Structure formats: C-alpha cells, structure tokens
Amino acid sequence: MPDEMVMPAPADFHVHVRQGKMCELVTPQVAKGGVRTAYVMPNLVPPLTSTDAVLTYKAELERLDPSIQWLMTLYLHPDVTPEEIRKAAKAGISGVKSYPRGVTTNSNSGIEDYGVYYPVFKAMEEEGMVLNLHGEVPSDPEKNISILNAEVHFLSHLKKLAYDFPNLRIVLEHATTSNAVDTVLSLPANVACSITAHHLYLTIDEVAPQPHHFCKPLAKEPKDRKALQEVIKSGNPKFFLGSDSAPHPLSSKIPNLTQDGHSVSACAAGVYTSPILIPLVATLLESFGALDQLQKFVCDNGRNFYKVPAQKGQELRLVRTSREEGQGIVKGTLKGEDGIEVLPFWTGKKLEWEIVN
C-alpha cells in the first residue's frame, strides 16, 4: 500500500458554511480539510433566492478565504424565475438547489410541486446550469412514508425529471440507499450522484444512540452502505464527493430539557466533516479496498460532470499518519465567537492519512 499520494485539487460538491459567526468559524476549515473547490448550498435564513443575494454571500466567503474556488447556487423558490436563471447564469452562478418543503434544515421555503418549475428547468437546461436535488419526500403517515424510506419514494421524481429534461445536468444529492445507486446507474448520462463521507461509515445502528450522527437523509442499512462503497470501488464516473458537511452549534445537536423539565428540543440534522474531509475519505476508501479510486471520487468525476477543471498549483499531498500514540487522532470541539461550539465527525478516532502542506 502507498505511504504517500499526490492528486489534483480536490472538490467538495456539497458544502454548508452557514452565515454570521458560524460562517466565520467554519469557512476556513474547508481548505484545512483539503478542498480547493467548494459547491455552496443556499439554505440560509432567508434562503438565497436572487442572484444579488448569492453574489453578496459569495463576496463574504471570498473575504473569509480567497484561496477557495467558491461555486454558488440559488434556492429553488417562486422568486426563481426563468429570467432570474438567465441573470444568474450570466453572473457565473453554477446551479439551483431544490429542497422539498420541510424535509431538512432551513427547507420551510422548499417546493411542493416540481411541475410548477418546468419553465425554470428549461431555462437552466438552455443556460447549462446544474439542478441539485435533495432526494427525499416529506413524511406522510397515511402513505407510510418516513425518514427511513423518504429517499426511495423520491426516486420516481428523479426519473421523470431526467427524461423530461435530457440535456439538464441533474445531481441526486447525498445518496443513502442501494435503490438510489441502482436508479442513478439506470438513468442517462445527464444524471449523477454525490455521496458523503459519513454515509460511507454510518448505518442506522450508529445513528440511533449518537445525536452527532443524525443527519438528513438518515444513514440506512448495512446493505445500503455497501452499495455506496461498491459503486465508488467500481470507479463509475457518475459518483463523486459531496460532503454535505453541515455544522450546527453543539447546543442544537444535544437535545436539552426546557425549563419546565418536560419537553425536549429537537436535534439538528447534520454531520460536520469539513476540517478532516479528504484525509477522512482516504481513510474510509482504504478500509473497503477503494483507495485507488480516491482521485476519481474526490476530484476527477465531480469536476468532469460540473465542467470545473482543477487549477494547476493546487495539488494535494497526503501521507500516512505516524503510528506513534496520539498521532492522527481527530481533535474535539471548534470554538468561535459568542460561545459557538461545533463538534467535528470522527472526534477521538484516528485518521490513517494527513495533509502535507
């Protein structure tokens, strides 16, 4: 096995860097984790539904870390018209993110009917923008739909959009099921799929007792994790890294009793991987025999689909961590201003790889 790897600039095609003091804390961590190009999600408060708002946000990210190539997205919403799409495309905005209403963090302004947005999708197809789909449907007790099967119920929507817009590049975000993998493989070349680092490790058994592992979509069964691992191991170009790294204040990840001592606050959905991302992915891929696919997964496949070439001079070098005790252990809480604390994934565990600057 190699002890050193050098690869073109890695890219994370799904990252959350939030806003305000949280943004100031976590934005520099993207580069620390080895990423050179970051595709940023628009589910802020309020959501980014205009070109002007997206460009203002991009300027803030560039101020916080000009070393990263920030790729920006609009939040699919009634304010996003075909005219706004054309304006966004001219401004260099890369894509549009669709959130079904109420399924995840800051998705209360999400959509309920894809058909309403067909003129928007047509404009995106013409302008070469990417449609990013949060691949779940809202829970519905009458139809036996829950967070355990919400992704599977979404796949019919993916199929219809793929065939109705054959020239629109579509990404099924953060797949978690074998059904999703099979569906993406069955669809034409305009459909691709991002996979997170944490879903390559977690199953529902690791989520149930640990709030820091809770995310949307929820990690599923071992057979689903195996399907994600195997499709990466195959080197299929449709699949690439989208970390869905999603920081939340420590206080919102650990449910607390309210002052009346009875009700419990909800646990925020999100796993935070940015500070350790590429070493973590290397560690995980090696664990299931796919280390030889690392460059394809974290660089080549996503960049080819998004048509974003790696920039020269931004290559990343990884070396094996020392076997000495304590080396490679992920440190705990990141602390920012106003008492903000964020706990990274894998805290206390050992990474087998580290970045050499």
Side-chain angles (χ1 to χ4, degrees), residues 9-48 51-75 91-95 97 104-106 132 173-174 194 196-198 212 215 241-253 268-281 298-299 302 306 308 310-311 314 316 330-347 354-355 357:
D12 181 355
F13 283 101
H14 184 136
V15 63
H16 298 269
V17 284
R18 307 304 191 201
Q19 58 202 117
K21 296 299 183 182
M22 178 65 83
C23 185
E24 293 177 10
L25 174 63
V26 303
T27 296
Q29 300 297 321
V30 175
K32 183 179 178 182
V35 167
R36 301 294 179 258
T37 295
Y39 194 78
V40 182
M41 294 296 104
N43 58 331
L44 305 187
V45 181
L48 301 178
T51 300
D52 292 344
V54 172
L55 295 180
T56 298
Y57 186 41
K58 182 180 183 182
E60 174 64 7
L61 300 182
E62 290 174 337
R63 180 188 70 81
L64 291 170
D65 190 345
S67 74
I68 296 288
Q69 180 184 23
W70 301 104
L71 303 180
M72 308 305 292
T73 58
L74 282 167
Y75 184 110
I93 293 173
S94 300
K97 178 64 181 288
T104 192
T105 303
N106 298 341
N132 301 92
E173 299 286 354
H174 42 51
S194 68
T196 77
H198 54 277
H212 292 288
C215 56
L241 176 64
S243 72
D244 193 18
S245 179
H248 288 283
L250 193 60
S251 58
S252 68
K253 287 297 292 181
V271 171
Y272 182 51
T273 54
S274 278
I276 58 166
L277 185 58
I278 303 304
L280 173 64
V281 173
V298 305
C299 179
Y306 278 90
V308 181
Q311 298 179 10
Q314 290 193 332
L316 188 74
V330 178
K331 297 178 181 178
T333 308
L334 299 175
K335 296 184 179 182
E337 295 183 17
D338 297 339
I340 294 176
E341 296 182 308
V342 181
L343 188 72
F345 186 64
W346 214 251
T347 292
E354 62 182 348
I355 296 168
N357 293 323

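Source: prediction; values computed, not measured. This chain uses plain numbering: 1 for the first residue, then up along the sequence.
Using a 4.5 Å heavy-atom cutoff, the side chains of Val40 and Tyr57 are in contact. In this structure the side chain of Val17 never reaches within 4.5 angstrom of the side chain of Gln29, judged on heavy atoms. Residues Gln69 and Gln314 have side chains not in contact (no heavy-atom distance under 4.5 Å, counting atoms from C-beta outward). Under the 4.5 Å side-chain criterion, counting only non-hydrogen atoms from C-beta, Val54 is not in contact with Pro42. At a threshold of 4.5 Å between non-hydrogen side-chain atoms, the residues Leu241 and Val281 count as touching. The side-chain heavy atoms of Leu64 and Cys23, taken from C-beta on, include a pair separated by under 4.5 Å.
Note: Ile278 CD1 to Leu316 CG = 7.0 Å, rounded to the nearest 0.5 Å. Distance check, rounded to the nearest 0.5 Å: CG of Leu61 to OG1 of Thr27 gives 5.5 Å. If you take CD1 on Ile68 and CD on Glu62, they are separated by 11.0 Å, rounding to the nearest 0.5 Å. Atom CG of Leu48 is separated from atom CG of Asn43 by 8.5 Å, given to the nearest 0.5 angstrom. From Leu277, atom CG reaches atom NZ of Lys32 across 13.0 Å, with rounding to the nearest 0.5 Å. To the nearest 0.5 Å, atom OG of residue Ser67 and atom CZ of residue Arg36 are 7.0 Å apart.
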Determine whether Ile93 and Thr51 satisfy the following criterion, side chain to side chain contact (heavy atoms under 4.5 Å, CB included), listing intermediate values before the conclusion. CA-CA 8 Å; Ile93 293 173; Thr51 300; 3.8 Å; yes
Passes side chain to side chain contact (heavy atoms under 4.5 Å, CB included), Val342 versus Leu25? Steps please. CA-CA 9 Å; Val342 181; Leu25 174 63; 4.0 Å; yes
Please test His212 against Leu250 for side chain to side chain contact (heavy atoms under 4.5 Å, CB included), starting from the C-alpha separation and ending with a verdict. CA-CA 9 Å; His212 292 288; Leu250 193 60; 3.4 Å; yes
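Contacts of Thr347 classified as side chain to side chain contact (heavy atoms under 4.5 Å, CB included), with partners at least two apart in sequence or in another chain: Val330, Leu343, Pro344.
Between Phe13 and Tyr306, the ring planes lie parallel to each other; the angle is under 30°, not in the 30° to 60° tilted range.
Taking every heavy atom of both residues into account, Val30 and Ser274 meet most closely at CG2-OG, 4.2 Å. In terms of heavy atoms, Cys299 sits closest to Ala9 at SG-O, 3.3 Å. Smallest separation of non-hydrogen atoms from Val271 and Cys215: CG2-CB, 4.0 Å. Taking each heavy atom of Ala268 and Lys253 in turn, the nearest pair found is O-NZ, 2.8 Å. For the residue pair Gly33 and Pro279, the shortest heavy atom distance occurs at O-CD, 3.7 Å. In this structure, Tyr272 and Ser245 approach most closely via the heavy-atom pair CD1-OG, 3.2 Å.
The backbone N or O of Asp65 sits less than 3.5 Å from a side-chain atom of Trp70, completing a donor-acceptor pair. With hydrogens and angles disregarded, a donor-acceptor distance shorter than 3.5 Å links the side chain of His248 to the backbone of Ala269. Of the possible donor and acceptor atoms, one in the side chain of Gln19 sits under 3.5 Å from a partner among the backbone N and O of Val45. Panel note: side chain Lys58, backbone Leu71; no donor-acceptor pair is recorded below 3.5 Å. A donor-acceptor pair under 3.5 Å is absent between the side-chain atoms of Thr37 and the main chain of Asp12, judged by distance alone.
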